[in-house]
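Given the structure is predicted, the values throughout are model-derived calculations rather than measurements. Throughout, protein chains are lettered first and strands after them, A, B, ... in sequence-line order, and every chain is numbered starting at 1.
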Amino acid sequence: MGDKVFSGLALLAGVAILATLVFVAVFLSFNSVGAVYREEEGLIIRQFLQYAYPLVIGTLIASLIALLLATPVAVGVALYISHFAPPRLSKSIGYVIDLLAAIPSVVYGAWGMSFLGPTLVPLYGWLHQHLSFIPLFAGSPSQTGRTIFTAGVVLAVMILPIITSVCREIFIQTPKLHEEAALALGATRWEMITMAVFPFARAGIISGVMLGLGRALGETMAVALVLSPGLLTASLISAGNSTIPAEIALGFPEAPPGSERQAQLIAIGLVLFIITLIVNMTARWIVSRHKEFSGAN
Amino acid sequence: MSKSITAKDLNVYYGDFLAVEGVNIEIAARSVTAFIGPSGCGKTTFLRSLNRMHEVLPGARVEGQLLLDDDDIYAPGVDPVSVRAMVGMVFQRPNPFPTMSIRENVLAGYKLNGARMSRSDADGIVESALRGANLWNEVKDRLDRPGSGLSGGQQQRLCIARTVAVKPEVILMDEPCSALDPISTLAIEDLIAELQQEYTIVIVTHNMQQAARVSQNTAFFNIAGSGKPGRMIEYAETSTIFNNPSNQQTERYVSGKFG
């Protein structure tokens with residue numbers, strides 16, 4: 001009896017998730033029709049893509065900057081907590097990192113806009129002066145610091161706690177047996193980590209990074225506040241670029257219900273949905289590719 | 001290769017807790033020495049202090065001297081990492097690296113030295129180490145398969161091959177057969193007899209018949225009570241320990257009256 005109730009509940013929960021997913025997908029697709037079809041002109045996919053691709057690229061750039069900055073730091077901090085710090089210290093560092101996750105994103109946005117941006121202005125000036133032959137640092141540097149790079153840094157700080165805590169959990173679970181196997185062969189602490197800890201934690205690190213990427217892709221408030229949006233530009237240090245969530249957040253209140261503009265915003269939301277889906281599936285694929293060697297068997 | 005081990009008044013501590021007290025022992029090169037005794041008597045702790053593996057736990061330290069031939073492995077300035085490269089260890093449960101293939105497992109310790117080697121050199125090392133561990137014929141066609149896919153006994157021999165590949169002076173074995181079936185156990189015991197030609201071997205075992213089968217010398221450890229330090233009670237030729245022990249406790253233990 002109890003078994004039946006439980007299996008029923010589990011099934012229900014599973015179905016509920018699928019149903020939500022289908023509902024969201026159907027809602028997004030149905031409401032985005034207006035963005036790609038006009039009665040008098042027929043399909044206008046080309047126009048929509050013209051509108052969407054700068055936003056897609058902007059979103060990816062901001063998230064990529066965030067990942068590149070956050071991942072090494074997060075892995076390093078997690079490793080310090082799990083394998084290097086004395087037990088008391090490691091606990092308090094863990095708490096501080098978790099606190100970072102508790103800060104509302106609007107606060108991060110305000111901090112990025114009023115503090116981090118202006119602070120980074122001299123750096124942008126320097127980068128432009130010395131490295132302007134690289135397209136990334138070519139355009140005229142922003143005087144407010146409200147650039148895609150600043151947004152990326154803010155996102156990095158925001159996703160740091162997620163990646164750190166996932167990595168820490170996995171690092172701690174590394175079997176003692178394998179750590180000792182490495183040490184007994186004459187490995188230094190770092191060699192032990194590369195031989196036993198990292199291979200064991202590989203899948204966990206990837207899923208932590210993907211969780212972080214998911215948050216970075218979807219982050220609205222912080223980016224909307226930090227970035228002064230504009231046209232797509234390769235330069236990271238001048239004003240311009242925008243991301244999908246920021247575009248939706250800034251544009252939606254002004255779009256009349258049922259209008260083509262609203263359909264456009266929903267359609268771009270659908271695009272973000274698909275990107276996130278691809279990211280997650282890629283992560284799963286990477287994780288499962290080396291299943292045989294994962295130690296799960 | 002292969003060195004003798006001498007402990008002089010060795011005390012092993014975990015923090016303030018004295019785990020093993022006053023061990024004096026001389027272990028000859030190219031011999032098999034068994035440590036027997038009831039659970040918690042400090043035999044594993046003492047074994048792990050022979051390659052400084054007990055220092056994995058914070059606060060672990062020793063007093064006294066532990067000589068490998070004539071070099072004190074606890075002398076100031078001695079790096080535990082270099083000690084462990086000389087004194088290899090095989091653990092209770094087989095622990096090949098799960099993410100590595102059989103071949104990579106054998107080469108794992110070798111690669112730590114950072115020595116660049118050609119493919120053919122590496123092949124040679126893999127083959128000789130696996131032959132040395134009596135595993136070559138069973139795995140030669142699947143060297144690129146994961147080591148974790150082998151049976152328990154094969155995994156343990158893979159771990160021995162991995163240890164042998166770095167050419168240690170001494171091999172420590174911490175109950176290497178306790179997780180294995182009788183046939184695999186026999187294979188490991190045969191292997192120990194062969195390895196003895198080249199290495200000094202110290203084995204901790206709960207199985208007294210095993211100690212009698214594989215070792216020339218046996219040390220009996222015992223503990224006076226919980227919370228008290230473990231001590232080495234008697235150390236002699238294996239036949240003496242089992243047939244004609246001089247100590248009452250040893251006699252009671254080997255005749256199965258306790259433990």
Side-chain angles (χ1 to χ4, degrees), chain A residues 75 79-94 167 170-208 285-297, chain B residues 47-48 50-59 79-102 104-114 144-150 155 158-159 162-168 170-174 179:
Chain A
V75 170
L79 211 52
Y80 181 71
I81 293 174
S82 65
H83 283 84
F84 288 93
R88 274 225 314 269
L89 194 61
S90 76
K91 235 181 199 160
S92 41
I93 296 174
C167 289
I170 299 290
F171 290 164
I172 289 175
Q173 286 172 23
T174 311
K176 272 270 159 316
L177 222 56
H178 298 143
E179 293 185 7
E180 292 195 340
L183 290 175
L185 286 173
T188 61
R189 190 116 68 130
W190 173 245
E191 288 166 337
M192 179 271 280
I193 283 165
T194 56
M195 270 173 109
V197 180
F198 281 158
F200 173 80
R202 201 166 149 276
I205 297 175
I206 292 173
S207 44
W285 178 71
I286 294 174
V287 169
S288 69
R289 212 170 34 149
H290 285 268
K291 213 172 227 156
E292 265 190 345
F293 285 85
S294 73
N297 42 6
Chain B
L47 185 83
R48 287 168 71 93
L50 296 182
N51 70 342
R52 301 186 68 165
M53 272 304 285
H54 71 303
E55 290 177 12
V56 185
L57 293 172
D79 185 357
V81 169
S82 64
V83 172
R84 290 174 198 147
M86 274 191 296
V87 185
M89 189 161 201
V90 176
F91 294 82
Q92 197 166 355
R93 286 188 44 207
N95 55 358
F97 296 112
T99 54
M100 295 184 190
S101 67
I102 292 171
E104 288 166 336
N105 260 293
V106 176
L107 292 173
Y110 215 83
K111 281 186 182 154
L112 289 175
N113 303 329
D144 292 319
R145 305 291 303 152
S148 50
L150 299 174
Q155 286 189 23
L158 177 58
C159 294
R162 182 175 67 185
T163 305
V164 170
V166 295
K167 305 211 183 305
V170 177
I171 300 176
L172 308 176
M173 299 187 173
D174 184 5

Glu180(A) versus chain B, the contacting section by heavy-atom distance below 4.5 Å =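 Interface part for Glu180(A): both.
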
Less than 4.5 Å apart, any side-chain heavy atom of Phe200(A) and any of Thr99(B)?
-> no

Using the ring of each side chain (for Trp, its six-membered ring), is His178(A) parallel, tilted or perpendicular to Phe97(B), with breaks at 30° and 60°?
->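 Geometry flag for Phe97(B) against His178(A): tilted rings.
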
When heavy-atom pairs shorter than 4.5 Å are enumerated against chain B, which of Leu183(A), Thr188(A), Leu185(A) gives the highest number?
->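 The option with the most such pairs is Leu185(A).
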
Under a 4.5 Å heavy-atom cut-off, does chain A meet the side chain of [X], its backbone, both or neither?
{"X": "Pro80(B)", "answer": "neither"}
{"X": "Val83(B)", "answer": "neither"}
{"X": "Arg162(B)", "answer": "both"}
{"X": "Pro58(B)", "answer": "neither"}

Check for a donor-acceptor pair, side chain of [X] on one end and backbone N or O of [Y] on the other, with a separation under 3.5 Å.
{"X": "Arg52(B)", "Y": "Arg84(B)", "result": "no"}
{"X": "Arg189(A)", "Y": "His83(A)", "result": "yes"}
{"X": "Gln155(B)", "Y": "Asn95(B)", "result": "no"}

